[in-house]
Amino acid sequence: MVSSTVALLMFVSRCWTLGPGPAYKGSMFIRMKEFPPAMIEVISSSSLTLTCSVTGSPTPTAAWYKDGMRLAGTKGSPGGLGEVWAKLHIPCVTPSTAGLYECRGVVGGVKTVVVETRVEVLELVPHKECTYTDRQEVQPTITGWFSNIMVQAGETARLVCDLENDSRKKSILWRDAAGNILKNKGRYQLRGTDLLIHKVDWTDMGRFTCTASNGFGADMVSTFLYPLRPEF
């Protein structure tokens, strides 16, 4: 059995940070929080999902890359402090899926943390095709969101619900902590798939959920919003 100390060293060996020196309270900082596996084997024609999370101040962006190409994740930072998740979903694995993937977190455009995952594809003999006939017939996948975010009271909180390169018809539904459906009204504004809450106050504290759905299924994520005192 690998000890926790050795496991930690294994994580550190494949995770590095670029940018200014150590952070202090109130300064810019970033760190990887949820690590993906260092290596994963997946059967051809099956599906593959990779996730990772990054925390920092201001709230970082996180995205998955392969061969220098961005594949999925968040696209902007709302400020404040928070934890951001990036999810890459491949509904039908092929031999070309194999390779080295990177989860990159960036804060302030100057500090980056990176962790790698190597994917190996096992091919069945005879080759098995995907279980569905049309590769477009899949449920939507939310690829970027914040699990929690802290924003100063009086400011605007932007809760993201990113769906990467998904042009298929779908519906996006936001709900507050009480389960109420949110629409463009009062301090709430729907911008694309994101929810903006203007002039945040203590009454907004709680968990907001985003649900993306189509005729083949649904995906849902949630964000806990914590307003901070203005003098923080």
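Owing to the predicted nature of the structure, the values given are computational and were not obtained by experimental measurement.
Arg104 is linked by a salt bridge (charged side-chain N to carboxylate O under 4.0 Å, His left out) to Glu102, counting only residues two or more places apart in sequence or in another chain. Applying the ring-ring contact (aromatic ring centres under 6.0 Å, His included) rule to Tyr101 yields no partners; only residues at least two apart in sequence or on another chain are considered. Residues passing the side-chain hydrogen bond (donor to acceptor under 3.5 Å, both in side chains) test with Thr49, sequence neighbours excluded: His89. When the side-chain hydrogen bond (donor to acceptor under 3.5 Å, both in side chains) test is applied to Trp85, the partners found at least two apart in sequence or on another chain are Glu83, Ser147. Judged as a side-chain contact (heavy atoms from CB on, under 4.5 Å), and not counting sequence neighbours, the contacts of Thr203 are Arg187, Asp201. For Arg118, there are no salt bridge (charged side-chain N to carboxylate O under 4.0 Å, His left out) partners at least two apart in sequence or on another chain. Scanning for side-chain hydrogen bond (donor to acceptor under 3.5 Å, both in side chains) contacts around Ser47 gives an empty result, with sequence neighbours left out. Every residue meeting the side-chain hydrogen bond (donor to acceptor under 3.5 Å, both in side chains) condition with Arg207, not counting sequence neighbours, appears here in chain and number order: Ser222. For the side-chain contact (heavy atoms from CB on, under 4.5 Å) test, no residue two or more places apart in sequence or in another chain qualifies with Asp67.
Within 6.0 Å of CZ in Phe224 there are more than 12 heavy atoms belonging to other residues, nucleotides or ligands.
With rounding to the nearest 0.5 Å, the separation of CZ in Phe35 from OG1 in Thr51 is 12.5 Å.
In this structure, Trp145 has its ring center at least 6.0 angstrom away from the ring center of Phe208.
The hydrophobic clustering, which links ILVMFWY residues whose side-chain heavy atoms are closer than 4.5 Å, places Met150 and Met205 together. In this structure, Met32 is a member of the same hydrophobic cluster as Ile149, with clusters built from ILVMFWY side-chain heavy atoms closer than 4.5 Å. Linking Ile, Leu, Val, Met, Phe, Trp and Tyr residues whenever their side-chain heavy atoms come within less than 4.5 Å places Val54 and Val115 in a single cluster. Residues Leu196 and Leu190 are members of separate hydrophobic clusters, defined by side-chain heavy-atom contacts under 4.5 angstrom among Ile, Leu, Val, Met, Phe, Trp and Tyr.
Of the possible donor and acceptor atoms, none in the side chain of Thr55 sits under 3.5 Å from a partner among the backbone N and O of Lys33. Using a distance-only test at 3.5 Å, with no hydrogens or angles considered, no donor-acceptor pair links the side chain of Trp64 to the main chain of Arg70. When atom types are taken as modelled, the side chain of Thr211 and the backbone of Met220 share no donor-acceptor pair closer than 3.5 angstrom.
Counting all heavy atoms, side chain and backbone alike, Leu225 lies closest to Pro227 at O-CD, 3.7 Å. Of all heavy-atom pairs between Val84 and Thr61, the closest is CG1-C, 4.1 Å. Scanning all heavy atoms of the two residues, the minimum distance from Ile40 to Leu48 falls at CD1-CD1, 3.9 Å. The two residues Lys66 and Leu71 have their closest heavy-atom pair at CB-CD1, 3.8 Å. Nearest heavy-atom pair across Gln139 and Ala218 is NE2-O, 3.1 Å.
Within the structure, the salt bridge (charged side-chain N to carboxylate O under 4.0 Å, His left out) test picks out the following pairs touching residues 215-226 (sequence neighbours left out): Lys87-Asp219.
In summary, the side chains of Ser213 and Ser171 do present a donor paired with an acceptor at a separation below 3.5 Å, with no hydrogens or angles considered.
Counting Ile, Leu, Val, Met, Phe, Trp and Tyr side chains that sit under 4.5 Å apart, directly or through other members, Ile181 shares a hydrophobic cluster with Leu173.
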Output a table of donor-acceptor pairs, distance under 3.5 Å, between side-chain atoms of residues 153-161 and any protein atom two or more places apart or on a different chain; print 'none' if there are none.
from, atom 1, to, atom 2, distance (Å)
Thr156, OG1, His198, ND1, 3.1
Arg158, NE, Asp194, OD2, 3.0
Arg158, NH2, Asp194, OD2, 3.2

